Amino acid sequence: MKFTDIIESLALGAFVGCFIGLLVAVLISLQAGPQNITFSGTDIVNLFLGCIVAGWGFSLTGLIYEKEDLALPFQIIFQMGIGMTVLFLVAIYLKWMPVDLGIGPIVIWIAIACVFAAIFWFGFYIYYYLLARNLNKKIVNGK
């Protein structure tokens with residue numbers, strides 16, 4: 001693993017984390033009615049920094065996929081376990097997760113977070129699968 005791999009992973013994690021955070025904020029605004037939502041400057045800064053840290057939690061642990069001697073299910077459990085732990089700690093610290101409203105909203109929040117994580121994991125999996133397939137075709141064809 002090279003230093004450039006870590007920098008690339010940090011940059012990708014920050015980008016994807018901010019993208020997902022902003023997507024969720026827009027979806028919440030649309031659901032509640034944009035005229036009914038107000039975000040303070042502190043909310044925006046917390047969203048930005050919290051999403052970067054959560055994105056790093058998923059992206060840095062994604063470097064586990066470079067260890068080819070580990071089974072894919074273990075790699076997935078490792079990445080998602082640590083990534084979700086970081087996300088939940090950030091969510092509790094920044095009060096994104098409604099811990100004071102009982103177990104129901106927490107379970108819904110966790111389910112939604114898991115769905116988002118699975119969708120993005122599957123998207124990256126397909127992207128890298130197709131990239132590897134195209135590289136293999138080029139190697140076999142000699143082009």
Side-chain angles (χ1 to χ4, degrees), residues 1-139 143:
M1 177 179 354
K2 297 180 281 189
F3 182 70
T4 56
D5 293 338
I6 294 171
I7 297 299
E8 183 180 315
S9 182
L10 287 170
L12 183 63
F15 170 76
V16 173
C18 287
F19 174 80
I20 293 172
L22 192 55
L23 177 66
V24 169
V26 167
L27 292 174
I28 290 170
S29 294
L30 290 174
Q31 189 271 335
Q35 68 280 5
N36 298 324
I37 299 290
T38 58
F39 293 112
S40 70
T42 303
D43 293 334
I44 300 298
V45 170
N46 286 343
L47 178 68
F48 178 72
L49 296 176
C51 289
I52 288 174
V53 171
W56 287 345
F58 283 99
S59 67
L60 287 176
T61 56
L63 295 172
I64 189 80
Y65 296 107
E66 293 183 12
K67 299 282 291 172
E68 295 178 8
D69 56 331
L70 295 174
L72 182 62
F74 176 77
Q75 292 171 332
I76 294 168
I77 291 168
F78 178 83
Q79 182 194 22
M80 289 298 154
I82 293 176
M84 285 295 195
T85 300
V86 171
L87 174 63
F88 295 148
L89 291 174
V90 168
I92 291 169
Y93 180 75
L94 295 177
K95 297 181 179 29
W96 293 347
M97 187 184 302
V99 293
D100 55 339
L101 297 179
I103 193 72
I106 294 172
V107 170
I108 292 170
W109 195 98
I110 291 171
I112 291 169
C114 289
V115 167
F116 269 90
I119 289 169
F120 276 86
W121 182 91
F122 189 70
F124 277 104
Y125 178 82
I126 294 296
Y127 170 77
Y128 286 114
Y129 172 82
L130 294 174
L131 184 67
R133 188 181 72 180
N134 290 339
L135 288 173
N136 287 334
K137 283 182 184 177
K138 287 180 182 179
I139 290 170
K143 294 181 182 178

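Predicted model, so just to flag it, every value in this text is computed and none were measured.
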Where [X] and [Y] come nearest, the two heavy atoms and their spacing:
X	Y	answer
V53	V90	CG1-CG2, 3.8 Å
A32	I37	CB-CD1, 3.7 Å
G21	L47	O-CD1, 4.0 Å
K67	Q75	O-NE2, 2.7 Å

Distance in Å, [X] [atom1] paired with [Y] [atom2], rounded so as to fall on 0.5 Å steps:
X	Y	atom1	atom2	value
L72	I64	CG	CD1	11.0 Å
D43	K95	CG	NZ	12.0 Å
L63	E8	CG	CD	9.0 Å
M84	I77	CE	CD1	13.0 Å
L12	I7	CG	CD1	13.0 Å
M97	I112	CE	CD1	11.0 Å

Name all pairs fulfilling the side chain to side chain donor-acceptor pair (under 3.5 Å) condition that reach into residues 107-117, sequence neighbours left out, sorted by first residue then second.
->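 For residues 107-117, and leaving out neighbouring residues, there are no side chain to side chain donor-acceptor pair (under 3.5 Å) pairs at all.
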Under 3.5 Å, which donor-acceptor pairs do the side chains of residues 113-132 form with other protein atoms, sequence neighbours left out?
unit_1, atom_1, unit_2, atom_2, d
W121, NE1, Y65, OH, 2.8

Can you tell me if T61 uses its side chain to pair, donor with acceptor, with the backbone of I82 under 3.5 Å?
->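 Not at all, since once roles are kept as given, no pair shorter than 3.5 Å links the two residues.
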Counterpart residues, side chain to side chain contact (heavy atoms under 4.5 Å, CB included), relative to [X] (two or more places apart):
X	answer
I52	A14, C18, F48, W56
T42	S40, N46
Q31	none
L101	P98, P105

Do F19 and C51 come close enough that some side-chain heavy atom pair is under 4.5 Å?
->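 A side-chain contact is absent here, since even the closest heavy-atom pair is not under 4.5 Å.
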Check: F58 and L87 side chains under 4.5 Å, non-hydrogen atoms =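 In contact.
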Residue pair D5, E66: steps toward the side-chain contact (heavy atoms from CB on, under 4.5 Å) verdict | CA-CA 10 Å; D5 293 338; E66 293 183 12; 4.0 Å; yes
